[in-house]
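Heavy atoms only: backbone and side chains are in, while hydrogens, waters and symmetry mates are out. Protein chains get the first letters and strands the later ones, always in sequence-line order, with residue 1 at the start of each. A quick note: this is a predicted structure, and the numbers were derived from the prediction, not measured.
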2 protein chains.
Amino acid sequence: MSTKRVEQLHAQGVRTRAHLLETAREAFSTCSDASLNSIAKKAGVGIGTLYRHFPTREDLVFELYRAEVQQMAQAADDLLDEHPPLDAFRLWLARFARYAMTKAGLIGALQSATSRGRFAQEARGPLTAALQRLLDANRAAGTLRPDLEPDDVLLAIAGLYQLDPAGDWEPRAKRILELVCVGLCRRDTAPSGGAAPA
Amino acid sequence: MSTKRVEQLHAQGVRTRAHLLETAREAFSTCSDASLNSIAKKAGVGIGTLYRHFPTREDLVFELYRAEVQQMAQAADDLLDEHPPLDAFRLWLARFARYAMTKAGLIGALQSATSRGRFAQEARGPLTAALQRLLDANRAAGTLRPDLEPDDVLLAIAGLYQLDPAGDWEPRAKRILELVCVGLCRRDTAPSGGAAPA
DNA sequence: TTGCTTGGCGGAGACCTCTCCGGTAAGTTC
DNA sequence: GAACTTACCGGAGAGGTCTCCGCCAAGCAA
C-alpha cells in the first residue's frame, strides 16, 4: 500500500484535477451549459472538490480552452508574418469570432473576461498582448488609429457575445467586425483601398 | 365584507401586480441584483405569484423601466427636431448609454434584449423603431452608411453592456461610442467635419 | 511510534431560479 | 342560492450555484 502510493503524495490533487478537466470537456461537448453539479457527479467527486479546483465556472472553462487562447494569441504573430498589418488584424478578428462561437462555453467565459474575475487576468493577458502586437504593427503602418488600446478593441467587438452560437451568427458577426474595422481605421485612410491621405 | 370588495373583482390581480412592481422598484434601488425570492417575500406574496405576473426577471425589470424606454424612444424624435441628424444620432447614443448604466438592472435586461425573450420584442420594438428613425434621417442626410439596420447599431454598442455601472464607465463608454460612430459613418464622409466626397 | 500539520476530499446546507398544481374566492348562470 | 367557471394565489419541489466545515491520510517532527 505504501509503495503503491509513493508517487501519489500530492499527486492525488493533480490527478483529480485532470480527471475533472477530462470529464468537463466531455460534458461540455455534449451540452454547452452542463451543470457543475452534474460534472462533479459524473467525475465521481464531491461538488466541493470541483469548486476547490475551479472556484468559478469560468475558471473551469478557461482551463479547458487555455490552449485555444494561447493559440489565438500565437495566431496574431503568425498572421502578422504572413500578411500586411491591417489584413492580419482583420483575419485575427475573424478567427477570434469563430473560436469564440464554435467552442462550447468559451463565449460565456470570454464575455466575462472583459470585466472582472480570474479569467479576466489570465485570458486577457495573452489576448491583450496579442492585440497589442497587432495594434503596434498597424500603428507603425499607419493603418489604424494610433490611440487605440487593446481594451477598446475587446469592447468594440463585444457584440459578438450577443450572438447565438447555435444560430446563424456568421453574417451578423461579419457585419459587426466590418463596422468595427472601419471605426478603428485612421480617419484619413480608406479602410481597404488606397485613398489619398489628407 | 361583500360591499367592501365590490371593486376587487379582478382588481385583485391588478393590485398585486402594482404592489409587486412597487416593492421591486424599492428593492432594486437598494440592491441592483436583489433576488426575485426576496422581492416576493418582501411583497408578502408567494414566489409563484411573482412569477405569474413576471415570467422572467427581465419582464419585471422591463416593466419597471417601460417609461424610461418609451422616453428613450421619444428622445430620438426630440433630438432629431433640434439637431442635425448625425448629432442627434450621437446624442441619442450617449443618452442611451447613460440610461442603461444609471438605472439599476436595466443594463442586464437590455443586454438580453439583443437576443431572445419577451423583453426582446417589447423593448426592441420602441428601441429599434427609434433607431430606425435616426438611421432614416441620417440616410437622407447622407451622413451614415445607407445599409445600416437598427440591429447593427444595437450590436455595435454591445460593449456598453460589459461596463461596470458601479465603476468609472463614462470615459470608456465615450470611447466605444466614438469608435462606433466612426464605423457607422459613410466612408466617403468625414465623421464630424466636411470632407469632400470622392 | 506518536502526535501535529496540512492538502485534499465530500457533502450538508443556504439560497436562488423556475415550474407545477391544489386551493380559494370572484363572478356567472340558472 | 347552488353549481360552475375562471383568475389568482401560495408554496412544495426539482435542480442549480456556491460556501463551509468536518474528516482523512500523507508527511514531518519529537
Side-chain angles (χ1 to χ4, degrees), chain A residues 1-24 27-28 30-64 104-105 108-109 111-112 116-119, chain B residues 1-24 27-28 30-63 105 108-109 111-112 116-119:
Chain A
M1 192 62 94
S2 57
T3 52
K4 262 191 212 165
R5 302 233 162 181
V6 165
E7 79 273 54
Q8 302 181 344
L9 338 180
H10 275 202
Q12 177 62 22
V14 176
R15 286 180 47 202
T16 301
R17 182 187 172 88
H19 183 218
L20 238 17
L21 239 19
E22 187 54 35
T23 309
F28 282 141
T30 302
C31 168
S32 69
D33 55 352
S35 80
L36 300 184
N37 235 329
S38 70
I39 290 174
K41 193 167 290 180
K42 201 174 294 185
V45 307
I47 184 67
T49 301
L50 194 162
Y51 269 90
R52 192 158 4 75
H53 283 287
F54 308 100
T56 74
R57 187 189 193 83
E58 274 69 41
D59 289 323
L60 177 58
V61 172
F62 173 59
E63 203 56 36
L64 238 29
Q111 176 167 11
S112 57
R116 324 154 253 301
R118 186 180 143 226
F119 190 88
Chain B
M1 191 62 94
S2 56
T3 52
K4 263 190 209 165
R5 302 228 163 184
V6 164
E7 78 272 55
Q8 302 181 346
L9 341 178
H10 273 202
Q12 177 61 24
V14 176
R15 287 180 47 201
T16 301
R17 183 187 172 88
H19 182 218
L20 238 16
L21 238 19
E22 187 54 36
T23 308
F28 283 140
T30 302
C31 169
S32 69
D33 53 353
S35 80
L36 299 185
N37 235 328
S38 70
I39 290 174
K41 194 167 290 181
K42 201 173 296 184
V45 307
I47 184 67
T49 300
L50 194 162
Y51 269 91
R52 190 158 7 77
H53 283 286
F54 308 100
T56 74
R57 188 189 192 81
E58 275 69 41
D59 290 323
L60 178 58
V61 172
F62 173 57
E63 203 56 34
Q111 176 167 13
S112 58
R116 326 153 249 303
R118 185 180 143 226
F119 190 87

**OP:** Could you tell me whether the phosphate oxygens of dC9(D), OP1 or OP2, come under 4.0 Å of any side-chain nitrogen or oxygen in His53(B)?
**Re:** yes

Subject >> N/O (side chain, Thr49(B)) to phosphate O (OP1/OP2, dC8(D)) under 4.0 Å >> reply: no

Original post:
Under 4.0 angstrom, heavy atoms only, what part of the nucleic acid is Arg57(A) near: base, sugar-phosphate, or nothing?
Top reply: sugar-phosphate

**OP:** Let me know the distance between CZ of Arg52(B) and C1' of dC8(D), rounded to the nearest Å.
**Re:** 5 Å

Original post:
From the list dT19(D), dT19(C), dG8(C), which nucleotide is the closest neighbour of the side chain of Tyr51(A)?
Top reply: dT19(D)

**OP:** To the nearest 0.5 angstrom, please state how far the CG atom of Leu64(A) sits from the CD atom of Glu22(A).
**Re:** 9.0 Å

**OP:** Could you tell me which residues satisfy side chain to side chain contact (heavy atoms under 4.5 Å, CB included) with Tyr51(A), sequence neighbours excluded, listed by chain and number?
**Re:** Leu36(A), Ile47(A)

**OP:** Starting from C1' on dA26(D), measure out to CZ on Arg15(A) and report it in whole angstrom.
**Re:** 15 Å

**OP:** Provide, to the nearest angstrom, the distance between the CD1 atom belonging to Ile47(A) and the C1' atom belonging to dC20(D).
**Re:** 14 Å

Original post:
Quick one: is dC8(D) close enough that its OP1 or OP2 comes under 4.0 Å of any side-chain N or O from Thr16(B)?
Top reply: no

Original post:
Between NE2 of His53(B) and CD of Glu63(B), what distance do you get to the nearest 0.5 Å?
Top reply: 11.5 Å

**OP:** Report the C-alpha separation of Asp33(A) and Arg57(A) in whole Å, then their side-chain angles, then the decisive distance to 0.1 Å, and conclude whether the side chain to side chain contact (heavy atoms under 4.5 Å, CB included) test is met.
**Re:** CA-CA 10 Å; Asp33(A) 55 352; Arg57(A) 187 189 193 83; 4.1 Å; yes

**OP:** For Ser38(B), check side-chain hydrogen bond (donor to acceptor under 3.5 Å, both in side chains) against everything at least two apart and list the hits.
**Re:** Ser35(B)

Subject >> Contacts of type side chain to side chain contact (heavy atoms under 4.5 Å, CB included), residue Lys42(A), not counting sequence neighbours >> reply: Thr23(A), Ala27(A)

Original post:
Leu50(A) CG to dG16(D) P: how many Å, rounded?
Top reply: 13 Å

**OP:** Could you tell me the separation between the CZ atom of Phe54(A) and the P atom of dT17(D), rounded to a whole number of Å?
**Re:** 15 Å

**OP:** Residues of residues 31-42 of chain A with any non-hydrogen atom less than 4.0 angstrom from an atom of DNA chain D: list those, numerically ordered, please.
**Re:** Ser35(A), Leu36(A), Asn37(A)

